[in-house]
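A quick note: this is a predicted structure, and the numbers were derived from the prediction, not measured.
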Amino acid sequence: MKPRILFMGTPDIAATCLDALFEAEANIVGVVTRIDKPKGRHAVLTPPPVKLCAEAHGVPVFQPRTLRDEAFAAYLDELAPDLILVVAFGMILPPNVISYPRYGCLNVHASLLPRYRGAASMQRAIMDGESETGITIMYMDEGLDTGDMILKQTTPISDTDTLETLHDRLAEMGARLLVEASELVVCGKATRTPQNEELSTYAEKISRADCKLDFQRSAIALDRQIRALTPMPFAYCLTPDQRTMKIICARPVDGSGAPGTVIRASTDGAGEIVVACGEGALSIRTLQPEGKGKMDAAAFLRGRKLSVGEVLF
RNA sequence: CGCGGAGUAGAGCAGCCUGGUAGCUCGUCGGGCUCAUAACCCGGAGGCCGUGUGGUUCAAAUCCCACCUCCGCAA
């Protein structure tokens, strides 16, 4: 008899995990995700990826406004899950939910716990220049990403990894490990390793301020920042006319000058705009001016006149 | 109706306010120069100026109206 599984999650990475569970023919009796939220310029209500995935597999979806009411308690009783799997759900599970299933609640977290607990674990790991990160599968408890660990797998972060490439890799890894961990848990072979509190760190949510480039910093640091924020929400700086310019792709290079100053502007090939930083320089290859689409540096230079000596900030 | 920018040649832009031959930097094609070149010179092709069977006008890329699409901010 397969355990009755309740899945709770919201974004892409959760949908990838849910897909893997369906692939593994898990007995998903229900899916809980957050309510559709307004997105984009005209605030169009958009269903989260997990909802689409569940519907595609014909599993009923529940989108509660809160987990702390009678309705959700009744929902649990009705489904009577033996195991709850949570991936990037976005709501805190109250104690009565955590303690409900006899096999417990498992969570997929995109970092090597106890480091980088919290919402922006992948972004912060790239920003900090970590050489590796990974996936941890753990039992949930009432803290934020503080539960006992079951499985962990590592992946290196290369100096060309972006949030996108890392996210995709970790999503696949997380999906695989989640399937594996749930099987271990159900057959009683899962081990519990407590987290070492002293080594824990917290990955603060990304704010607008985290996206602003500060050319006083080193080119290496700026490159990390850019990669950590690509393809969402992107790092940016301001052009001499005070307009925002998102930096899509850049590379640290040799060079020096007053921080923020353009020290080279080339339209050869895809072109590059080299900006002096606090240490080294940043060669901007692809960017997106405010109100415009993405373009390479050469295209930008042809239309707008940004020349050597001008300052970005 | 949240605020704002933008749709002109394959790319990026100017021209619009002050209506009157469609421009710039590239790319592309042909030719030339060169030991050679992504360099330089000469020449060519490529546009119904987002859509409208709209309005104004002798005349609209340009002014007015409606709509479509893309994007930045905010959520």
Side-chain angles (χ1 to χ4, degrees), chain A residues 9-15 33-52 63-67 88-92 118-120 122-123 127 162-164 167 203-215 222 225-251 253-255 260-275 281-313:
Chain A
T10 304
D12 265 356
I13 190 166
T33 191
R34 301 195 69 178
I35 55 173
D36 295 5
K37 71 174 182 191
K39 285 197 73 168
R41 264 173 288 277
H42 301 289
V44 180
L45 279 184
T46 309
V50 161
K51 181 180 183 179
L52 301 176
Q63 298 178 280
R65 253 166 218 293
T66 174
L67 305 181
F89 177 48
M91 290 167 103
I92 306 280
M122 294 182 271
Q123 292 92 327
M127 268 189 205
T162 63
L163 175 61
E164 181 173 35
H167 168 278
E204 200 75 38
K205 215 173 93 183
I206 298 295
S207 70
R208 182 71 179 157
D210 290 312
C211 301
K212 179 75 168 64
L213 295 171
D214 174 2
F215 291 108
L222 294 175
Q225 183 182 356
I226 291 163
R227 288 185 287 112
L229 300 172
T230 301
M232 257 287 276
F234 289 114
Y236 74 97
C237 63
L238 299 177
T239 53
D241 60 342
Q242 300 284 326
R243 300 170 72 84
T244 73
M245 181 166 87
K246 290 185 175 181
I247 308 302
I248 312 297
C249 178
R251 288 282 177 273
V253 294
D254 290 332
T261 307
V262 175
I263 56 177
R264 180 174 146 76
S266 162
T267 55
D268 289 349
E272 65 171 344
I273 299 169
V274 181
V275 184
L282 198 62
S283 165
I284 298 170
R285 308 291 174 78
T286 314
L287 53 88
Q288 180 174 17
E290 181 178 323
K292 295 296 190 174
K294 295 176 178 55
M295 64 184 78
D296 57 37
F300 182 78
L301 290 170
R302 261 176 233 120
R304 304 238 198 155
K305 289 148 276 178
L306 180 67
S307 41
V308 171
E310 292 195 84
V311 181
L312 300 176
F313 53 99

Quiz item: Base, sugar-phosphate alone, or nothing: which one does A:Thr244 contact when heavy atoms must sit under 4.0 Å apart?
Solution: sugar-phosphate
Quiz item: Taking atom C1' in both B:rC68 and B:rG52, what distance in whole Å separates the two?
Solution: 11 Å
Self-check item: Range-with-range stems of RNA chain B (Watson-Crick or G-U pairs under 3.5 Å, three or more in a row)
Solution: B:2-7 with B:68-73, B:10-13 with B:23-26, B:28-32 with B:40-44, B:50-52 with B:65-67
Quiz item: If we take the C1' atom in both B:rG54 and B:rA22, what is their distance in whole Å?
Solution: 24 Å
Self-check item: Of A:Met295 and A:Lys39, the one whose closest RNA chain B nucleotide lies more 5'
Solution: A:Met295
Quiz prompt | Main-chain N/O of A:Gly271 paired with A:Ser266 side-chain donor or acceptor, under 3.5 Å | solution = no
Practice problem: Establish, for the pair A:Arg243 and A:Tyr236, whether the NZ or CZ atom is under 6.0 angstrom from the six-membered ring centre and no further than 45 degrees off its axis. | Solution: no
Quiz item: If we take the P atom in both B:rG50 and B:rC40, what is their distance in whole Å?
Solution: 32 Å
Quiz item: With a non-hydrogen cut-off below 4.0 angstrom, is A:Arg243 in contact with a base, only sugar-phosphate, or nothing?
Solution: sugar-phosphate
Self-check item: First-last contacting nucleotides on RNA chain B - partner chain A, under 4.0 angstrom, heavy atom
Solution: B:rG2 to B:rA75
Quiz item: Given the rule in the side chain to side chain contact (heavy atoms under 4.5 Å, CB included) test, do A:Gln242 and A:Phe313 qualify, once you have shown the distances and angles that lead to the verdict?
Solution: CA-CA 9 Å; A:Gln242 300 284 326; A:Phe313 53 99; 3.4 Å; yes
Quiz item: Pick the nucleotide of RNA chain B nearest each of A:Arg302 and A:Pro233; which residue has the one closer to the 5' end?
Solution: A:Arg302
